[in-house]
Amino acid sequence: MADLILHSDRKTSPLKRVHGVNNGPVCYGSLMDVSVYYEKAGIPLVRLHDTNWPNPGEVDIHTIFRDMSRDENDPDSYDFSRTDEYIASVLATGAKIVYRLGESIEHTKVKYYVHPPADMDKWARICVNIVRHYNEGWANGFHYDIRYWEIWNEPDNPDRQCMWSGTPEQYYDLYRIAATAIKAHDSSLKVGGQAATMVNMPFTEGFVAYCREHGLPLDFFTWHTYADDPGQIRTNALKARKLLDDAGYIRTESHLNEWNYMRADEGANDEIWRQLWKPGGETFRRNLFERQKNEEGASFIAAVFAMLQDTPVDEANYYDGQPHELYSGLFDAYCIPQKSYRVFEKFESLSAYPNRAEVSVCAEGLYALAMTSEKGQSVLWVSNFGGESREYTVELEGSAAAHSTFAEWELLDRSRDFGVVEPASLKNGRVELHLPRHSVLVLRFGSPAVGGKAAE
């Protein structure tokens, strides 16, 4: 039996372009710029949170409205300049934006900005004026048509109140006041929250119940997962969808808007994890974040992209795209693209194919998706994230099997980063290829009789 079977005639839902990221392409005070790489990867959606962290000068409410004693209806009370420049750099790449209204994370002992606003109604009016500035031209602004407005980030984060010093009920009130004000101003906008660290915590269950009880708008629900198994993301996606559906929010979009690969060293225990950010944890910390950049992290990303296609997630944002961020698996600190970035770039090439087709995965540890064209060309995307290093058999079934006369492949693994296209031996609709563990395969089928090789 084949390890993978591509059913070329069984069309499924369209490709979900789930390769969004957190934050834009400029950092180090705009000294470093990876815009060209964002464009090549076709990054579809950028969420603005922890922008230029740990010293944000834009996006956060306190960086725009610096003195809460001032009149929120006076344009002179606002300083949009740095945020204007930053948002322009994002939009120039072709990406859309999720604007997080709130503050960046604070790991300092003293918390400066992550407190409940003293005047929540005024805070909400400030948010509405930020919307007006970027969508309606208010205060010498723009007409960007930013659709997604997210209210705060991880108020449930249990780490020393690093994102919210208040109670759950205070966050629920803030969401009610701000979401109601934004929708009253422009009902076509999408408002959402809660950027949950865990989808099954009492905080989150309470939030959704509060929204239901008060009839609040919840156009999109946001949640996070850092995992070492793609299955953990799928499990949380199902929990999030059920939580929303059970509350009657069946049309609410589900956004996985922070995710990344987090795997400890072999033999790591709870004590080692507790030392992650303390003296003595440096090597463990380095190993953890370097995994996000190499073939291990790259194959995890490729697996998640495939798995999300048939998982109830509408949008996704990898954390993080900023080259200076520890969590950026896409670039090193010098802005050099890493293996994980190459997966983003290659995934975008699948958009050239109009149809998605079914794939049967019959081997453990593999994740796959397939695309086809009306001309009979097909491409198979395979991540060997958790399988053995061995020969795998791929079978092409359906009309494509009858018409395909050649196959070609590219591979990302420890020594390769795609780019080198090799012919594959196609016999009776089957191909056999060796896939190392932690590799990503792009396998194309086609026929010169229908226009030659599949174009990317």
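Below, all heavy atoms of this structure are taken into account, side chains as well, without hydrogens, waters or symmetry copies. Residue numbers count from 1 along this sequence.
- Residues Thr197 and Asp156 bring a donor and an acceptor atom of their side chains to less than 3.5 Å of each other.
- Counted by atom type alone, Glu397 and His7 present one or more donor-acceptor pairs between their side chains at under 3.5 Å.
- In this structure, Lys190 fails the cation-pi test against Phe220, since its NZ or CZ atom is not both closer than 6.0 Å to the six-membered ring centre and inside 45 degrees of the ring normal.
- From Trp223, atom CH2 reaches atom CD of Gln194 across 13.0 Å, with rounding to the nearest 0.5 Å.
- Looking at Arg70 and Asp67, no side-chain N of the basic residue comes within less than 4.0 Å of a carboxylate O on the acidic one, giving no salt bridge.
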Q: Please report the C-alpha distance between Glu103 and His115 in whole Å, then the side-chain angles of each, then the deciding distance to 0.1 Å, and finally whether the side-chain contact (heavy atoms from CB on, under 4.5 Å) criterion is met.
A: CA-CA 9 Å; Glu103 302 292 342; His115 309 297; over 6 Å; no
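- Separation of the Tyr78 and Trp138 ring centroids falls under the 6.0 Å cut-off.
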(Q) I'd like to know whether Arg342 forms a salt bridge (charged side-chain N to carboxylate O under 4.0 Å, His left out) with Asp417, so could you lay out the CA-CA distance, the side-chain angles of the two residues, the decisive distance to 0.1 Å, and finally the verdict. (A) CA-CA 7 Å; Arg342 297 303 175 192; Asp417 290 348; 5.2 Å; no
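- Taking the six-membered ring for Trp, Phe80 and Phe65 have ring centres at least 6.0 Å apart.
- Side chain of Lys183 to main chain of Leu189: a donor-acceptor pair is present (N/O by atom type, distance under 3.5 Å, no hydrogens or angles).
- Note that CZ of Phe305 and CG of Leu15 are 10.5 Å apart. Values are rounded to the nearest 0.5 Å.
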Q: Before giving the answer on side-chain contact (heavy atoms from CB on, under 4.5 Å), spell out for Tyr318 and Asp320 the whole-Å C-alpha distance, their side-chain angles and the decisive distance to 0.1 Å.
A: CA-CA 6 Å; Tyr318 177 89; Asp320 193 299; 5.9 Å; no
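- A donor and an acceptor atom, one from each side chain of Asn355 and Glu374, are located under 3.5 Å apart.
- Note that CZ of Arg285 and CH2 of Trp277 are 6.0 Å apart. Values are rounded to the nearest 0.5 Å.
- Side-chain atoms of Ser254 and Asp314 include no donor-acceptor pair closer than 3.5 Å.
- Remark: the His143 side chain and the Glu136 side chain contain no N/O donor-acceptor pair separated by less than 3.5 Å.
- Counting non-hydrogen atoms of other residues, nucleotides and ligands closer than 6.0 Å to CD of Gln232 gives a total above 12.
- In this structure, Ile233 and Val304 have side chains that are in contact, with non-hydrogen atoms separated by less than 4.5 Å.
- How far CD of Glu85 is from OG1 of Thr83: 10.0 Å, rounded to the nearest 0.5 Å.
- Rounded to the nearest 0.5 Å, atoms CZ (Arg17) and CD1 (Ile43) are 9.0 Å apart.
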Q.
If you apply the rule side chain to side chain donor-acceptor pair (under 3.5 Å), what do you find for Tyr210 with Asp173, and how did you get there?
A. CA-CA 9 Å; Tyr210 182 93; Asp173 284 345; 2.8 Å; yes
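- Residue-environment remark: NZ (Lys242) stays at or below the threshold of 12 foreign heavy atoms within 6.0 Å.
- In this structure the side chain of Leu216 reaches within 4.5 angstrom of the side chain of Thr180, judged on heavy atoms.
- Residue-environment remark: CG (Asp74) exceeds the threshold of 12 foreign heavy atoms within 6.0 Å.
- Remark: of the listed residues Glu150, His255, Glu253, Glu150 is the sole one forming a side chain to side chain donor-acceptor pair (under 3.5 Å) with Thr222.
- At most 12 heavy atoms of other shown residues, nucleotides or ligands fall within 6.0 angstrom of atom NZ in Lys96.
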(Q) Checking Lys339 against Leu412 for the side-chain contact (heavy atoms from CB on, under 4.5 Å) test, could you report, in this order, the C-alpha distance in whole Å, the side-chain angles of both residues, the deciding distance, and whether it holds? (A) CA-CA 8 Å; Lys339 289 181 183 292; Leu412 181 147; 4.1 Å; yes
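- For the 3.5 Å distance criterion, the side chains of Glu296 and Asn294 fail to qualify, holding no donor opposite an acceptor.
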**Q.** Worked check of side chain to side chain donor-acceptor pair (under 3.5 Å) between Glu58 and Asn52
**A.** CA-CA 8 Å; Glu58 55 280 290; Asn52 271 325; 3.2 Å; yes
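- A donor-acceptor contact closer than 3.5 angstrom is absent between the side chains of His49 and Asn317.
- Ring to ring, Tyr367 and Trp381 are not that close: their centroids are 6.0 angstrom or more apart.
- Here the side chain of Arg234 pairs no donor or acceptor atom with the backbone of Met307 at under 3.5 angstrom.
- Contact of the His224 side chain with the Asn257 side chain is registered, since non-hydrogen atoms from C-beta on lie closer than 4.5 Å.
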Q: Kindly indicate, with the supporting measurements, whether the criterion salt bridge (charged side-chain N to carboxylate O under 4.0 Å, His left out) is fulfilled by Arg444 and Glu410.
A: CA-CA 9 Å; Arg444 303 181 192 87; Glu410 295 178 77; 2.5 Å; yes
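- Side-chain contact of Thr63 with Arg82: a donor-acceptor pair under 3.5 Å is absent, judged by distance alone.
- Of the candidates Tyr341, Tyr261, Phe385, Trp259, Ile301 forms a side-chain contact (heavy atoms from CB on, under 4.5 Å) with just one, namely Trp259.
- There is no side-chain donor-acceptor pair under 3.5 Å between Thr311 and Arg241.
- Between Phe289 and Tyr327, the ring planes are perpendicular. Angles over 60° get that label, and only those under 30° would be called parallel.
- If you take CZ on Arg125 and CG on Asp119, they are separated by 6.0 Å, rounding to the nearest 0.5 Å.
- Residues Tyr249 and Arg212 bring no donor and acceptor atom of their side chains to less than 3.5 Å of each other.
- In this structure, the side chain of His19 does not engage the main chain of Val343 through any donor-acceptor pair within 3.5 Å.
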Q) Given the rule in the side-chain contact (heavy atoms from CB on, under 4.5 Å) test, do Val114 and Gln161 qualify, once you have shown the distances and angles that lead to the verdict? A) CA-CA 8 Å; Val114 295; Gln161 299 182 323; 6.0 Å; no
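- At a cut-off of 3.5 Å, with distance as the only test, a side-chain donor of Thr51 or Asn23 sits close to an acceptor on the other residue.
- Using a 30° and 60° split on the angle between ring planes, Tyr171 and Trp164 fall in the perpendicular class, above 60°.
- Within a 6.0 Å radius of CE in Met32, more than 12 heavy atoms belonging to other residues, nucleotides or ligands are found.
- In this structure, Tyr28 has its ring center under 6.0 Å from that of His324.
- One side chain, Glu258 or Tyr226, offers a donor N or O that lies under 3.5 Å from an acceptor on the other.
- Under the 3.5 Å distance criterion, the side-chain polar atoms of Tyr86 are matched with a main-chain donor or acceptor of Gly24.
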(Q) Under the criterion salt bridge (charged side-chain N to carboxylate O under 4.0 Å, His left out), I'd like the reasoning laid out for Asp332 against Lys293: C-alpha separation, chi angles, the key distance, then a yes or no. (A) CA-CA 8 Å; Asp332 69 7; Lys293 296 177 169 63; over 6 Å; no
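- No side-chain donor-acceptor contact under 3.5 Å links Thr108 to the backbone of Lys111.
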Q. Where do Lys16 and Asp310 land on the salt bridge (charged side-chain N to carboxylate O under 4.0 Å, His left out) test, with the steps shown first?
A. CA-CA 9 Å; Lys16 289 196 286 190; Asp310 296 304; over 6 Å; no
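- Looking only at atom types and distance, the side chain of Asn153 has no donor-acceptor partner in the side chain of Arg100 under 3.5 Å away.
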